[in-house]
Amino acid sequence: MARGTLKATAVCAGFGLGLGLAGCGGSGDPVGIPTGPPKPGGTLRIVGSSDVEHLDTASANSVGAYGLTRTFARTLFGNKASNNFSETIPLRPDLAAELPTRENGGISRDHRTYTIKLRRGVLWNTKPPRPVVAADFVRGFKRLCNPASPSGGKVYYTSTIKGMAAYCDGFANVDAKSAKAIAAYQNGHHIEGISARGDHTLRFRLKEPASDFLNLISLQFAAPAPREYDRYVPDSAEFRQHTISNGPYQITEYRPGGSYVLSRNPVWRRDTDPLRAGHVDRIQITLGQDSPQAVQQQLETGTADLSWDQPVPTSAMPRLRRDRDPRFAIRRTPSNSPYLVFNIRSPNNGGALGKRAVRQALQYAVDRTALIKLVGGPEVAQPLHTVIPPGNSGYAPSTRYATPGEAGDPARCRRLLAEAGYPNGLKLRFPYRTNSVHKLIAESLKANLRACGVEAELSADSGGTFYGKTISTPSRALQGAWDIAAPGWTPDWYGNNGRSIIQPLFDGRTYGPGSTNYGGYDNAEVNGLIDAALTARDAERAGGFWRLTDQKIMEDAAIVPLLARAVPLFHSSRVGNAFFLPAAAGYDYTMLYLSR
């Protein structure tokens, strides 16, 4: 794989073909401007637009939330931040003392029982501080299907861990507004397949072998939860003011939609944390800045250090490439970002989007060349026609629904809509995210749709509510509050990761509050292929089933894939150790240091 900061040449453009691109653009020191050993101290200044949709690790499910929660909520295993993509893939122990194997007794012969030994000396920043113990992990898993803010990733665990599905079914009937009722259910019921064996041993029993199970329990969803969390409704406003840390930083001030201040966690010890360094004293995150150009200006002039959720403006990229600016890089994140999802359950237009022929017609509307220009050109994005992007398990190229020059075919779109019974077109409600280039993308798609007789009514929707409420609330979908939307999907992990794309987005059995199957897609054949992939005896065979699943989903036209996209990043001159986390689509805040 390419390493460091390659120039933005044809090599960079190759990432869309599945080549191993680690980073493109920029020059000089690949991890930042300062040289010499890391220097502790200072305040890392981060600026951007929208708050996270969920701060509670049980339900946090976005790249921004992952980058933030990594600072204060550790997990059993994790990934190393690196500008070499291949180095970010292997799992490494975090709160676990070691990776379980057959040889060390951590994995049973039938691959259905996992025994995890916990690292000693890790503390919660409670008063007084106390150790993180196995019961905290059990509590964390129990919170995943709470009725107030259920995890979008709960299907990972209900489909693998014994008794998890039955436990979650019972939880659905608990009063979602009562912290007392939620805590009573959690503490009065157990999950058959999860148990604490003393303070330092955790045991999982699976329904069937799962080759990716260690990846599942490395996710932020699976972070431990201190007993104090029982006092609050999960992810409520009150909860968000009382987060507890076992990582290098703690949230000391939070103004919803406005700012975060993180300071050092006084009980965190570097010798107990193999993945984080904790160089800076404070992290200041300032929100409400909706202009990518304004954010970029602050980074270039040094009044801020990192962007929170705003990309490098497309207009700035040619200059940064020409100048070989060492602060600029394009980092690889094999992802489907954005894609157009259909609300299949919308009653609008007589339920038109529930008809496959209509969705197939709309596949031909999109001009992907225009979208590529908006996000930075072919060095940043390539056209995508599959659910699974290149660089992920199960990917296979496809030309289904391709158009000449990737510019769309409005005449064909109109003809197919007429054949489907809609000669006069459609009227679609289209909420869009307000940060990054999402407004421009929405406007481009609106123009594409108009060319084939479809009117899209755009409505601005902040990042915090777009994912957290608008497209993940089934009642809003059934009411027709939206028809199409353009979310993005970065896999929760890389490597053996077919589950992390297909299952959360398209398993019809997971549809419900908080689900990431936003459009309510449900197909029995797809569900069966998902099960076959999940129970395959090895990753290669699973990959074959994921490919078949992708093909069936695209035959059904459940979404319109748009772009396989990398992430252009920029940091101020004083930032060193700028190491990349693909799942967070950004640099690891816990590794950065400042030159002054």
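This is a predicted model, so every value here is computed, not measured. Keep in mind that the numbers below use all heavy atoms, side chains included, and drop hydrogens, waters and symmetry copies.
Remark: the S393 side chain and the N497 side chain contain no N/O donor-acceptor pair separated by less than 3.5 Å. Between the side chains of T57 and Q220, not a single donor N or O lies within less than 3.5 Å of an accepting N or O.
More than 12 heavy atoms of other residues, nucleotides or ligands lie within 6.0 Å of CZ in R400, so this atom counts as buried by the packing criterion. More than 12 heavy atoms of other residues, nucleotides or ligands lie within 6.0 Å of CD in E555, so this atom counts as buried by the packing criterion.
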Pairs under 3.5 angstrom only: tabulate donor-acceptor contacts from the side chains of residues 285-295 to other protein residues two or more places apart or in another chain.
from : atom 1 : to   : atom 2 : distance (Å)
Q289 : OE1    : Q298 : NE2    : 2.5
D290 : OD1    : S49  : OG     : 2.4
S291 : OG     : Q293 : N      : 3.4
S291 : OG     : Q293 : OE1    : 3.4
S291 : OG     : A294 : N      : 3.1

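Ion pairing of R415 with D409 is absent here, as no side-chain N (NZ or NE/NH1/NH2) approaches a carboxylate O to less than 4.0 Å. Residues R433 and D461 are not paired through a salt bridge, judged by the lack of any N-O separation under 4.0 Å between the basic side chain and the carboxylate. The pair D235-R240 meets the salt-bridge criterion, with a side-chain N (NZ, NE, NH1 or NH2) lying under 4.0 Å from an Asp/Glu carboxylate O.
Closest approach of L534 and Q503 over heavy atoms only: CD1-NE2, 3.6 Å. The two residues P431 and T470 make their nearest non-hydrogen contact at CG-CG2, 4.1 Å. Nearest heavy atom pair, residue G519 against residue V341, reads N-CG2, 3.9 Å. Taking each heavy atom of N79 and I89 in turn, the nearest pair found is ND2-O, 3.2 Å. For the pair P568 and F328, the tightest heavy-atom approach, listed with the atom from each and the gap, is CB-CE1, 4.0 Å. Considering all non-hydrogen atoms of both residues, L384 and P390 come closest at CD1-CD, 3.8 Å.
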Quiz item: Can D522 and N527 be said to form a side chain to side chain donor-acceptor pair (under 3.5 Å), step by step?
Solution: CA-CA 8 Å; D522 190 7; N527 295 343; 3.0 Å; yes
Quiz item: Can you check side chain to side chain contact (heavy atoms under 4.5 Å, CB included) on I441 and L445, steps first, answer last?
Solution: CA-CA 6 Å; I441 289 172; L445 293 172; 4.0 Å; yes
Self-check item: Full working for salt bridge (Lys or Arg N to Asp or Glu O under 4.0 Å) between R70 and D588
Solution: CA-CA 8 Å; R70 182 177 169 96; D588 185 349; 3.1 Å; yes
Practice problem: Kindly indicate, with the supporting measurements, whether the criterion side chain to side chain contact (heavy atoms under 4.5 Å, CB included) is fulfilled by L569 and Y587. | Solution: CA-CA 9 Å; L569 294 172; Y587 293 124; 3.7 Å; yes
Exercise. Under the side chain to side chain donor-acceptor pair (under 3.5 Å) rule, what do E300 and Q296 come out as? Steps first, then yes or no, please.
Key: CA-CA 6 Å; E300 293 197 34; Q296 181 68 17; 2.9 Å; yes
Practice problem: Decide side chain to side chain donor-acceptor pair (under 3.5 Å) for S86 and N84; before the verdict, give the C-alpha distance in whole Å, the side-chain angles of both, and the deciding distance to 0.1 Å. | Solution: CA-CA 6 Å; S86 64; N84 182 335; 2.7 Å; yes
Practice problem: Under the side chain to side chain contact (heavy atoms under 4.5 Å, CB included) rule, what do V387 and I502 come out as? Steps first, then yes or no, please. | Solution: CA-CA 8 Å; V387 170; I502 297 291; 3.7 Å; yes
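To the nearest 0.5 angstrom, T69 atom OG1 is 10.0 Å from D56 atom CG. The OG1 atom of T434 sits 8.5 Å away from atom CG of D309, with the distance rounded to the nearest 0.5 Å. Between atom OG of residue S50 and atom CD of residue Q310 there is a gap of 7.5 Å, rounded to the nearest 0.5 Å. Annotation: the span from R359 atom CZ to L417 atom CG amounts to 12.5 Å, rounded to 0.5 Å. Separating the CZ atom in F545 from the CG atom in L529 is a distance of 7.5 Å, to the nearest 0.5 Å. Within the model, atoms CZ of R565 and OG1 of T333 stand 8.5 Å from one another, a figure rounded to the nearest 0.5 Å.
Looking only at distances, no side-chain donor or acceptor of S82 sits under 3.5 Å from a matching main-chain atom of T88. Side-chain atoms of T386 come within 3.5 Å of backbone atoms of I388 as a donor-acceptor pair (strictly under, hydrogens ignored). Side chain of D507 to backbone of R509: a donor-acceptor contact under 3.5 angstrom is found. In terms of modelled atom types and a separation under 3.5 Å, the side chain of N83 and the main chain of F580 share a donor-acceptor contact. In this structure, S151 contributes its side chain and A58 its backbone to a donor-acceptor pair below 3.5 Å. With hydrogens and angles ignored, the 3.5 Å screen pairs a side-chain donor or acceptor of N523 with a backbone N or O of V526. Within the 3.5 Å criterion, the main-chain N or O of P378 finds a donor-acceptor partner in the side chain of Q382. Remark: side-chain polar atoms of R345 are not paired, donor with acceptor, to backbone N or O of A477 under 3.5 angstrom. Side chain of Y157 to main chain of L216: a donor-acceptor pair is present (N/O by atom type, distance under 3.5 Å, no hydrogens or angles). Between the side chain of D556 and the backbone N or O of A558, no donor-acceptor pair lies under 3.5 Å.
A heavy-atom distance below 4.5 Å is not found between the side chains of V567 and I330. The side-chain heavy atoms of P504 and T510, taken from C-beta on, include no pair separated by under 4.5 Å. W546 has its side chain within reach of R499: a pair of non-hydrogen atoms, C-beta onward, lies under 4.5 Å apart. Side-chain contact check for S59 versus N61: every heavy-atom pair is 4.5 Å or farther apart. Residues I559 and N336 are in side-chain contact: their nearest non-hydrogen atoms beyond the backbone lie under 4.5 Å apart. Side-chain contact between L563 and Y339: absent, with no pair of heavy atoms (C-beta onward) separated by less than 4.5 Å. Side-chain contact between D550 and R547 is absent, with no heavy atoms from C-beta onward closer than 4.5 Å.
Annotation: side chain to side chain donor-acceptor pair (under 3.5 Å) contacts involving residues 440-457, sequence neighbours excluded, are absent. Pairs engaging residues 469-496 under the ring-ring contact (aromatic ring centres under 6.0 Å, His included) rule: F85-Y494, Y156-W493 [sequence neighbours left out]. Counting only residues at least two apart or in different chains, side chain to side chain donor-acceptor pair (under 3.5 Å) contacts with residues 366-377 comprise D367-T369.
Listed by chain and number, the residues in a side chain to side chain contact (heavy atoms under 4.5 Å, CB included) with S62 are E53, A65 (sequence neighbours excluded). Under the side-chain hydrogen bond (donor to acceptor under 3.5 Å, both in side chains) criterion, E208 pairs with R112, not counting sequence neighbours.
Among the candidates I484, D483, N343, the single residue satisfying the side-chain contact (heavy atoms from CB on, under 4.5 Å) test with R429 is D483.
Using bins of under 30°, 30° to 60° and over 60° for the plane-to-plane angle, the ring pair Y467/Y518 lands in the tilted bin. Ring geometry for F506 versus Y521: interplanar angle over 60°, hence perpendicular rather than tilted (30 to 60°).
R414 forms no cation-pi arrangement with Y364, by the criterion of a distance under 6.0 Å to the ring centre and an angle within 45° of the ring axis.
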